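Since the structure comes first, as C-alpha cells, the remarks are kept for the end.
Residue indices begin at 1 and follow the sequence shown. Given the structure is predicted, the values throughout are model-derived calculations rather than measurements. In what follows, every heavy atom counts, from backbone to side chain, and hydrogens, waters and symmetry copies are set aside.
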Amino acid sequence: MITATSLTKRYGPVTAVDDASFRCHQGTITGFLGPNGAGKSTTLRMITGLARPDSGTATIAGRPFARLPNPARVVGTLLDASAMNTGRTARATLRIAATVTGVPARRADELLEAVGLSGAAGRRVGTYSLGMRQRLGLALALIGEPSVLILDEPANGLDPEGIAWIRGLLRGFADRGGTVLLSSHLLPEVQATADHLVIIAGGRIAAAGSTASLLAAAGQTLEEMFLAITSAAGHEGARNR
C-alpha cells in the first residue's frame with residue numbers, strides 16, 4: 001500500500017503540492033492524473049524520497065521510502081527513463097542492478113526476455129529509442145521483485161503494441177497482489193487500465209475514488225471529466241491570485 005498524508009511542498013513562493021492525501025491499495029492500479037505543472041512529479045518524488053516534503057508524510061508498505069531496508073525489494077520506480085548510464089549495455093545495466101539489489105544475476109536475463117529486449121541486450125543504452133529505454137526502465141523497476149510499482153509516464157514513446165503490452169504487464173502485476181501508482185497523460189488508456197483515479201490540479205487533489213464510481217457520478221468519459229476538473233481548478237486559481 002502507498003499512503004500520502006497531507007503532503008505539501010513549496011519552492012520559494014510557489015506551492016507545488018498543497019495538502020495532498022490519497023491511498024493506493026494492494027491488488028489495484030491507481031491512475032495519477034493532472035495537467036503539466038499540477039504537482040504530479042513532485043508528489044511522486046516525495047513518495048519515493050527524492051524530495052523532502054515541507055509537511056505531511058508518505059509511506060510505502062507502512063514505512064517512509066528512506067527507511068525501507070532494501071527499497072528495490074519493496075518498490076520499483078520508473079520516474080525518468082533517460083536517467084541511465086548510456087555507455088553500458090542493457091544486460092550490464094540490469095546485472096549491476098541485480099547485484100546491488102541482492103537478486104540472482106539470471107534475473108537480468110529473465111527480465112530482458114519479459115520486456116522484449118533480449119535481442120538488443122548487448123547494445124549500449126545510448127543507442128536505444130525512447131520506447132526501448134522505457135522497456136529497460138520497467139525491467140529495472142521489476143529487478144527486485146517488488147510488491148509496489150511507481151511509474152511516471154511509462155508508456156511515453158511506446159507504439160500501440162507496446163502500450164497494449166504494458167497494460168497487460170501492469171494488470172497482471174496488480175492481479176497477483178501488487179500495488180501500482182501510474183502517472184500518465186494517455187487518458188483513454190488510464191480509463192481502460194486503472195481501478196482507481198487520483199486527479200491533481202493546481203497542486204491540490206481535485207478528485208479521488210474508484211474509476212467506475214467517479215465516471216458514473218460525472219456521466220462523462222475520463223477525458224471529459226479531466227478537462228472539466230482541471231478547467232475549474234484553473235478558474236479557481238485565477239480568482240485567488
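The side-chain heavy atoms of Val190 and Leu197, taken from C-beta on, include a pair separated by under 4.5 Å. With a 4.5 Å cut-off on side-chain heavy atoms, Leu94 and Leu112 count as touching. You'll find the side chain of His196 stays beyond 4.5 Å of the side chain of Arg23, heavy atoms only. For the pair Leu140 and Met84, the minimum side-chain heavy-atom distance is below 4.5 Å. Between Arg73 and Val103 the shortest side-chain heavy-atom distance falls below 4.5 Å. Taking the side chain as every heavy atom from C-beta outward, Met225 and Gln220 approach each other to under 4.5 Å. Leu181 has its side chain within reach of Ile47: a pair of non-hydrogen atoms, C-beta onward, lies under 4.5 Å apart. At least one side-chain heavy atom of Leu138 sits under 4.5 Å from a side-chain heavy atom of Leu151.
Hydrophobic cluster membership is shared by Leu158 and Leu136, with clusters built from Ile, Leu, Val, Met, Phe, Trp and Tyr side chains linked at under 4.5 angstrom. Clustering ILVMFWY residues whenever any of their side-chain heavy atoms sit less than 4.5 angstrom apart, transitively, puts Leu50 in the very cluster that holds Phe65. Connection of Ile29 to Leu187 is not established within any shared hydrophobic cluster, with ILVMFWY side chains joined at heavy-atom distances below 4.5 Å, either directly or through further cluster members.
Counting heavy-atom neighbours within 6.0 Å of Arg124 CZ, excluding the residue itself, gives a total of 12 or less. Remark: Arg123 CZ is packed, more than 12 non-hydrogen atoms of other residues, nucleotides or ligands lying under 6.0 Å away.
Asp18 and Arg10 are not joined by a salt bridge, as no carboxylate oxygen comes within less than 4.0 angstrom of a charged side-chain nitrogen.
The distance from atom CD1 of Ile143 to atom CD of Glu110, rounded to the nearest 0.5 Å, is 9.0 Å. Atom NZ of Lys9 sits about 11.0 Å away from atom OG1 of Thr15, to the nearest 0.5 Å. Taken from CZ in Phe32 to CD1 in Ile2, the straight-line distance is 10.5 Å, to the nearest 0.5 Å. To the nearest 0.5 Å, the span separating NE2 on His25 from OG1 on Thr30 amounts to 7.5 Å. To the nearest 0.5 angstrom, Leu182 atom CG is 8.0 Å from Leu33 atom CG. Here the CG atom belonging to Leu169 is positioned 11.5 Å from the OG1 atom belonging to Thr193, to the nearest 0.5 angstrom.
For Asp152, there are no salt bridge (Lys or Arg N to Asp or Glu O under 4.0 Å) partners, not counting sequence neighbours. Looking at residues two or more places apart in sequence or on another chain, you find a salt bridge (Lys or Arg N to Asp or Glu O under 4.0 Å) between Glu189 and Arg167. Remark: Arg63 pairs with Leu68, Pro69 by the side-chain contact (heavy atoms from CB on, under 4.5 Å) rule, at least two apart or across chains.
The minimum heavy-atom distance linking Ala61 with Val74 is given by the pair CB-CG1, 4.1 Å. Shown here for Ala98 and Pro104, the closest heavy-atom pair between the two residues is CB-O, 3.9 Å. Scanning both residues, Ala120 and Met132, for their nearest heavy atoms gives CB-CE, 3.7 Å. Nearest heavy-atom pair across Pro146 and Ala141 is CG-O, 3.4 Å. Contact detail for Trp165 and Val115: the closest heavy-atom pair is CZ2-CA, 3.5 Å. Summarising the geometry of Leu111 relative to Ala139, their closest heavy-atom pair is CD1-O, 3.3 Å, with the distance given to 0.1 Å.
Side chains of Thr8 and Asp54: a donor-acceptor N/O pair is absent below 3.5 angstrom, by distance only. For the residue pair Thr179 and Gln26, no side-chain donor N or O sits within less than 3.5 Å of a side-chain acceptor on the partner.
A donor-acceptor pair under 3.5 Å links the side-chain atoms of Gln191 to the main chain of Leu222, judged by distance alone.
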